[in-house]
Amino acid sequence: MDNKVAEGVFFLTGKDFSNAGAASSNLKGVLEGMSVQPDIIRRAAIAAFEAEMNVIIYAVAGMMHYYITPETIRIVVKDMGSGIPDIGLAMTEGYSTAPDYIREMGFGSGMGLPNIKKNTDRLDLDSVVGGGTTLEFIIYLNKDSKGAKNETL
Amino acid sequence: MTLDEIKNTLNAAVLSKREDMNLNIVRAYCADLMSDVLAFSITNSLLITHLTNAQVIRTAEIADVKTIVFVQSKRPDIETIALADTKNIPLLVTDLSMYEACGKLYEKGLRS
Ligand SMILES: Nc1ncnc2c1ncn2[C@@H]1O[C@H](COP(=O)(O)OP(=O)(O)O)[C@@H](O)[C@H]1O
Ligand SMILES: [Mg+2]
C-alpha cells in the first residue's frame with residue numbers, strides 16, 4: 001500500500017467568504033484519507049486555514065499547493081495581493097491591518113501568522129508590496145526528522 | 001456532559017437536523033476570535049460564541065470542535081446550518097449571555 005504520496009492545488013478567490021476555508025477542509029480530508037496522525041493533521045489544517053484566510057482577506061486571488069510525501073507535508077500558498085511591507089511586523093503576535101468588518105467575522109486578531117509558525121516545522125514568507133505574497137511551510141511526518149523546529153528555509 | 005444535558009442546562013434549541021444527543025463533551029471553550037479557537041481549543045470540545053458566520057463552522061471543523069453553542073439568541077443563516085450538518089457539527093442556540101452560559105455549564109460540572 002503506497003498511498004503516501006499526493007499533491008494538488010486549490011484556487012482561492014479574494015473576499016469569497018462563503019467558500020473561505022473550503023480548501024483547508026479539503027486538504028484535511030486528503031490527509032485523513034492517507035491516515036496521517038491526527039495531531040499532525042490538526043497542525044497542518046490549522047496552518048493551511050490561517051494561510052487560506054489571509055489570501056481571502058488580503059489578496060485578489062491565490063493558489064494553495066500541497067505536496068505530501070512519507071516524510072513531509074509541504075504547503076505553498078501564493079497570492080496576488082497587496083503584499084506585506086514589513087514581514088517582521090506581520091509575524092508579530094497581535095499585529096493586524098484587518099478592517100473592522102473582518103474583525104466582526106472573528107478574524108483579524110493578528111494571530112494568524114504566529115499560529116502558522118507555531119504549528120509548522122519550517123516557514124518561509126516572501127512578499128512584494130503591490131505584487132503578492134508567497135508563504136511556504138513544511139510539517140515533518142516523522143518525529144525523528146523534527147529536530148530543527150521553525151528554522152527558516 | 002452529554003449534548004442533551006448541555007441543551008437542558010442552557011435551555012437551548014437544537015438547530016441541526018440530526019444529532020447524537022448522547023455525544024459526550026468534556027471540555028468547553030468560549031471565544032469570538034477564530035484565531036484563538038485555532039490556537040487554544042482542544043479537540044472534542046464545545047465552542048461557545050456570539051459569531052454565527054460560515055467561518056465559525058470551518059474553524060470548528062479545522063480545530064476538531066465537536067459542537068457549537070450560540071449565545072444571546074444569535075442564529076446562523078440556513079446555509080451555515082446546512083454546512084454544519086454536512087460536517088456533523090451540532091449547533092445549539094440559547095437566550096443566555098456568554099457569561100451566564102459559561103457559568104451554568106461550569107456549575108453543572110463542565111470544568112475544563
Ligand atoms: N497574504 C497576505 N497579503 C497581504 N498581507 C498579508 C497577507 N498575510 C498577512 N498579511 C498582513 O500581515 C498581518 C498579520 O497577519 P496575521 O498574523 O494572519 O493576522 P490577521 O490576519 O489576523 O491580521 C495582516 O493584518 C496583514 O497586514
Ligand atoms: Mg490572518
Side-chain angles (χ1 to χ4, degrees), chain A residues 10 12 15-32 37-57 64 75 91-96 98 101-120, chain B residues 26-91 93 98 101-102:
Chain A
F10 301 107
L12 310 172
K15 307 292 180 292
D16 181 7
F17 291 103
S18 55
N19 287 309
S24 306
S25 161
N26 276 319
L27 177 65
K28 191 178 187 219
V30 169
L31 294 168
E32 282 165 354
Q37 282 174 43
D39 62 312
I40 292 189
I41 296 180
R42 186 175 147 93
R43 285 167 57 209
I46 289 172
F49 184 59
E50 289 281 14
E52 180 177 0
M53 287 309 301
N54 281 352
V55 174
I56 307 292
I57 297 169
M64 178 190 288
I75 297 173
M91 292 296 305
T92 308
E93 291 191 4
Y95 175 81
S96 176
Y101 81 94
I102 296 294
R103 289 171 200 271
E104 279 157 24
M105 292 172 64
F107 285 86
S109 59
M111 295 303 292
L113 290 169
N115 265 356
I116 296 172
K117 182 162 174 129
K118 209 178 77 187
N119 282 292
T120 57
Chain B
V26 290
R27 295 184 177 88
Y29 186 79
C30 62
D32 287 335
L33 293 174
M34 292 305 114
S35 287
D36 279 358
V37 178
L38 294 167
F40 304 117
S41 77
I42 303 137
T43 46
N44 299 332
S45 57
L46 161 75
L47 171 64
I48 305 162
T49 186
H50 290 99
L51 294 174
T52 56
N53 58 53
Q55 280 69 52
V56 178
I57 311 298
R58 301 275 188 204
T59 302
E61 183 200 2
I62 296 292
D64 297 326
V65 166
K66 273 282 170 298
T67 178
I68 306 173
V69 173
F70 301 110
V71 293
Q72 282 181 353
S73 315
K74 306 245 189 256
R75 277 168 189 266
D77 60 23
I78 309 266
E79 286 80 16
T80 305
I81 296 173
L83 178 65
D85 275 338
T86 65
K87 307 292 178 192
N88 274 317
I89 300 171
L91 304 180
V93 59
M98 179 97 99
C102 296

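To find a chain, count down the sequence lines: A is the first, B the second, and so on, and within it residues start at 1. Below, all heavy atoms of this structure are taken into account, side chains as well, without hydrogens, waters or symmetry copies.
- Residues B:Asp32 and A:Arg103 are not paired through a salt bridge, judged by the lack of any N-O separation under 4.0 Å between the basic side chain and the carboxylate.
- Minimum interatomic distance between B:Arg58 and A:Ser18 (heavy atoms only, all atoms of both residues): NH2-O, 3.9 Å.
- Across B:Ser35 and A:Gly112, no two heavy atoms sit closer than the pair OG-N, 4.1 Å.
- When all heavy atoms of A:Phe49 and B:Gln55 are compared, the pair lying nearest together is CZ-O, 4.2 Å.
- No side-chain heavy atom of A:Phe107 sits under 4.5 Å from any side-chain heavy atom of B:Asn53.
- B:Thr67 pairs by the side chain to side chain donor-acceptor pair (under 3.5 Å) definition with nothing, not counting sequence neighbours.
- When side chains are defined from C-beta on, B:Thr43 counts as touching A:Arg42, because their heavy atoms get closer than 4.5 Å.
- The closest side-chain heavy-atom distance from B:Lys87 to A:Ser25 is below 4.5 Å.
- B:Leu38 contributes atom CG, which lies 14.5 Å from atom CZ of A:Arg43 (distance to the nearest 0.5 angstrom).
- With a threshold of 4.5 angstrom between heavy atoms, A:Ala48 does not approach chain B through any atom at all.
- A pairwise comparison of heavy atoms in A:Gly106 and B:Leu51 identifies CA-CD1, 3.4 Å as the closest pair.
- With a 4.5 Å cut-off on non-hydrogen atoms, B:Thr49 does not touch chain A at all.
- Shown are B:Ile62, B:Thr59, B:Asp64; of these, the side chain to side chain contact (heavy atoms under 4.5 Å, CB included) with A:Ile46 is made only by B:Ile62.
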